[in-house]
Asker: 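Take a look at the following structure, please.
Predicted model only: the values in this text are computed from it and were never measured. Scope of the values below: all heavy atoms of this structure, side chains included, with no hydrogens, waters or symmetry mates.
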Amino acid sequence: MLHFYLNNQRIRTDQPAGSTLLDFVRYHQHLKGTKIGCREGDCGACTVLVGELQPDNTVQYQSMTSCLTPLGNAHGKHIVTVEGINAAAGTLTPVQQAIVQEGGSQCGFCTVGFVMSLTGHSLSTQPATSQTGLAAIDGNICRCTGYKSLERATEALTQQLAGRDTEQPLSWLAERQFVPAYFQQIPAQLQALRAEQESQPATNGHSTEAAQVLGGGTDLLVQRPEHLREVPVQLVYDRPGLRGIRQQADGRVVFGAATTAENLRASPLMQALFPHLPDYMKLISSTPIRNMGTVAGNFINASPIGDLTIFFLALNASVTVGVPGKGSRDILLSDLYSGYKTLTKAANEQVLEIHFAAPQAGDCFNFEKVSKRTHLDIASVNSAVWLRVADGFVREARISAGGVGPIPLYLARTSASLVGQEITPETVAAATAIAQSEISPISDVRGSVDYKRLLLRQLLFAHFLRLFPERLTFRELV
Amino acid sequence: MNHLDPVRHVRGESQYIDDVPVQQGTLHAVVFESPLAHGRLRAIHVADALNAAGVIRILTAADIPGENQIGGIVPDEPLLAEGHVHFRGQPVALVLAETEHQAQAALHLIRVDIDPLPIITDPRVAAAQGELIVPPRTFRIGDSGAAWSQCAHIFEGEAETGGQEHLYIETQGAYAFPTEMGGVRIISSTQGPTAVQRHTAHVLGIGMHQIEVDVTRLGGGFGGKEDQATPWGALAALGAFVARRPVKLVLDRMADMRMTGKRHPYSSDFRIGLDANLRILAYEATFYQNAGAAADLSPAVLERTLFHATNTYFIPNVTATAYSCRTNLPPNTAFRGFGGPQGMFVVEAAIVRAAEALGVAASEIQRRNLLRENDLFPYRQPAEMCNAGLAWDTAEQVYDLPKLRAEVAAFNQQNEQCKKGLSVMPICFGISFTKTAMNQARALVHIYTDGTVGVSTGAVEMGQGVNTKIAQVAAQTLGISPNRVKVESTNTTRVANTSPSAASATADLNGKATQLACEALRERLLRHACTEYTLHYEGLDIRNEQVLSAGQPADTTWEKLVSSAYWQRVSLTENAHYATPDIHFDPVTNQGYPFAYHVYGTAYTTVTLDCLRGTYTFDAVRIVHDFGESMNPAIDQGQIEGGAVQGIGWMTMEELLYNDEGRLLSNSLNSYKIPDLYSVPQRLDVHFLETPGHPRAVLRSKAVGEPPLMYGIGAYFAVREAIRAFRPAHQPTFSAPITPEKVLLNLYPALAPTATSAVVVSNTAVA
């Protein structure tokens, strides 16, 4: 049995752990407010809130697209659909009011997704700003409004949230009908649920031995939803041992395989090491998908264009893989890929950790990505660079590039060519020329060969222009 | 007054097809599609699939009791493939199973034998091979052939616009129930309930009276559910008719994208001639429309391309010819603008081509050639109550065009890596179905004995706010609160023989019909008040639910009046018919007075281009729009914002890609991108032009659905301006959408020789 709360309802279900939360909500619980737009996390019409009990016994809510949320990942949590926030007697919550008031709903099909995302924004423990408000709805697509009315609604809401009580946010929010009063009971109810579950672990086709590992669901539930509903799955998203980001005494940063993109983005350690991290992460999927998708999943999916793979290739990251009970080994990320969508890892080896040497003070890092749509899109080409530079000379270099070969590429020769060189337009031009010989892009829906070659050149220029504006100018390079 | 529906939308209480509670015994249907784009269909093997768990029936063309034909304008489209397949994704068989999963699983067990035939995806190739849907059409005024000799400047070139996926967030679907007497009731997500009814009756071989179609609302339509909701309604009905069980058919996103048609891609040639004062003397255009494998609405779309071929300009000598080209793609269909935007893009390209060659701003040519009062369109209708110049001049004043230009120029001087571009996009769009007969509507209005009102019309609510507008018309005409008015679902048994909700004309047609019905009821009630309360009819009025006699409250209210009327056996129901007056059009001479009126406006688009990465952001779109006397500024502004952004999407990131086998490559939301929150213009200003409105518009409030889409065309030209600010000697091809890929290849043409050079040649001036 999986046990969780759906709105103010205690749920016990024997539906498969690998089925989707969306289908459970719509077709088993008949809560039809949650809509199906794409079933691939790209539209946000099915957005729900997932509340998770924190160590301090508060509940933190995140928006997730229920189409890609494995039902098993709801276990022990509070799932909130629009029916769970609707106020009695047809009155509207402030979020709903703002959307109606500003004309943010036309056909209405995407609307509930926006309502849930903005309700999640209201429930956030972070200060509400215009930026965080927009970020909250950046995974929601609307075909009718052109978003301006939704921006206005978000802004109106953000102003209301400026007065949010940081000590007792739930009672403040409940008082103003952002959420119904029952939300205040949820922390205690989840604690009780947890205590109860410790003696009775969940099954539903979920087992720690199952060969099919399932994390955030953001890739597998797009690709093989029927399969996941039918086979036993090993849920790793909530396994405590696989979470957390820490720095070891030797300087290496280590994080668990279930670390999500949002965990990375929000990590003070990562932000300190990569001051522009929020900018990079804004280019990677959307808020709800970052809440779900794991870094390890991005690696194992083996997409030649995986954003986080490209990011960590430039950092020379390694993955620790293991077979339960049989020890573990490390594989360099740059050795993980043997061909298009194939891995050097054995099928029964599971990613446990990811680790990389933290950049030192003075090291340079940059991540670039261009896609047809700047946000919430898959890259045409992406690239990351890490450089150790002294007195204008490159001492060490690592450059990665995605979308230009069958696997996420570490540009070994390009990187090597830079070592010992002074950073000049000539050096950069020479490196881009070598890069062209290391890549083998194909024409596809993300762009033609000509484009990808040209774009990689431009992105390599972009790295150097960003990192060395005092040494290089745009006109010199292009 | 706000839109009525959103209060239900934000609570998730609005019901769409997939939200209808499932009736016991319902079968779930999925469609088996042609795996090839063209071929002879030899055999369909369904035996294995029939043996699969839960499968009840598999229907093919042979199971159709009536005629296997759903073509609207031209009877060239079978419901289920028979003999041949003409596009990849064409419905071949319908699987009916106890659950959707079982139906999906059975799909994999069906096989077909198809002998492949040559595949055409390019409209010019189709035209060269004589593959035309209908004979070509030519709109002509003056004598362009003779006018060239008087032109000081002549330019020619090619222009291309891509298709556009509607991407209504609610996919297509229908739910059909067998009824007593062997009929079918269909709940459909359609803009055209009567089309679903008519074609289903035809397919089932029964009368239209046996088919009831009901539509509550759509989760977006944009033209994609005008004709192309019909196959799914008819297929679900066929299943229900044959199996005598309810049948639900809702397409998943990728099936919807694969199987349904989109906005027509066009490839066009233009030739434009100007005199020394930059007056356009002559314009010739040839349009090659990629119609896809069947006619669908293509001939009508083609016609509207010709209607709008000169956009908002007066050109005395025009020859515009259009070919509807049959290719092996899904039949392309209506999409907001309906061929108009495709025509307007070409004339704008021609003007820009001329401006660039002559070294003047395109807006110089645009302004000098704007329509003035009583100028004739090529189809001979005069521009009446013409606001083209007013919209242009108002925009200049409100937004200070010279200042905006100066800002762009200063920015471009100071920045190397980023360049800005500014475009001016004036629009003119004709309101009415160009097929005159379709400009009719009916409204059925009931006043219940408690004073509440139910209104049924042929209008389908799909987010455009038509229900709110109709409620407003009823409330205003009757003098009561809109809260008393309920706009009912659109149902073919209550209002018959409806035109689809399309052509921007829905609120006008159905609103006017509602107005007529409510005026009749109001008069009847006031006549009754005269006798019942001994009042003089002259000076009687109902305002805010109070009956007024010569401005003074009489001794009765709306509720009392209605109740007493009932007891005196006065009819509280009215059924009114409205037909747009004065309009006519002869499709043989291509002349007439097809439009009730025209809508005008002007948009400025400013973009900032990152010349390193080839990416861009829109700083602002500033619009002056001719709403007439807007009856609902909140709804109307929403239509402008949404339409403009949809147009920007079409011109920038929305790129439909088919391979040579006719397979859609941009087949999901992860490969076909529509604007998201961050990609829309940072500012989107809408200024309401002050005009008296138009008497043929409902409450003088002009139609607002399609016109704003064409403001998006300015996005293409703004980006192009920015490219030229970076590389002045380069002339990018007129090819939309101008994706980041095309931008970068145009910024660095020397580095991508194969991609950009070919088309520049045709832009060479010939005089």
Asker: Could you look at Gln104(B) and say if it's the side chain, the backbone, both or neither that has a heavy atom under 4.5 Å from chain A?
Answerer: neither
Asker: Less than 4.5 Å to any heavy atom of chain A: does that hold for the side chain of Ser668(B), its backbone, both, or neither?
Answerer: both
Asker: Side chain from CB out, backbone as N, CA, C, O: work out which of these in Glu641(B) comes under 4.5 Å of a heavy atom of chain A, or both, or neither.
Answerer: both
Asker: Can you tell which part of Val645(B) gets under 4.5 Å to a heavy atom of chain A, answering side chain, backbone, both or neither?
Answerer: side chain
Asker: Please classify the contact of Glu100(B) with chain A as side chain, backbone, both or neither, using a heavy-atom distance under 4.5 Å.
Answerer: neither
Asker: Heavy-atom distances under 4.5 Å only: say whether Pro681(B) touches chain A with side chain, backbone, both or neither.
Answerer: backbone
Asker: With sequence neighbours excluded, what pairs up with His101(B) under the side-chain hydrogen bond (donor to acceptor under 3.5 Å, both in side chains) test?
Answerer: Arg229(A)
Asker: Just so I understand: if I count every heavy-atom pair under 4.5 Å between each of Leu744(B), Leu747(B), Asp252(B) and chain A, which residue has the most?
Answerer: Leu744(B)
Asker: Listed by chain and number, what are the side-chain hydrogen bond (donor to acceptor under 3.5 Å, both in side chains) partners of His166(B), not counting sequence neighbours?
Answerer: none
Asker: Counting only heavy atoms closer than 4.5 Å, note whether Ser14(B) contacts chain A via side chain, backbone, both or neither.
Answerer: backbone
Asker: Side chain from CB out, backbone as N, CA, C, O: work out which of these in Leu657(B) comes under 4.5 Å of a heavy atom of chain A, or both, or neither.
Answerer: side chain
Asker: Side chain from CB out, backbone as N, CA, C, O: work out which of these in Arg683(B) comes under 4.5 Å of a heavy atom of chain A, or both, or neither.
Answerer: backbone
Asker: Less than 4.5 Å to any heavy atom of chain A: does that hold for the side chain of Gln637(B), its backbone, both, or neither?
Answerer: side chain
Asker: Please determine if Lys262(B) forms a cation-pi arrangement with Tyr672(B), meaning its NZ or CZ atom is less than 6.0 Å from the six-membered ring centre and no more than 45° off the ring axis.
Answerer: no
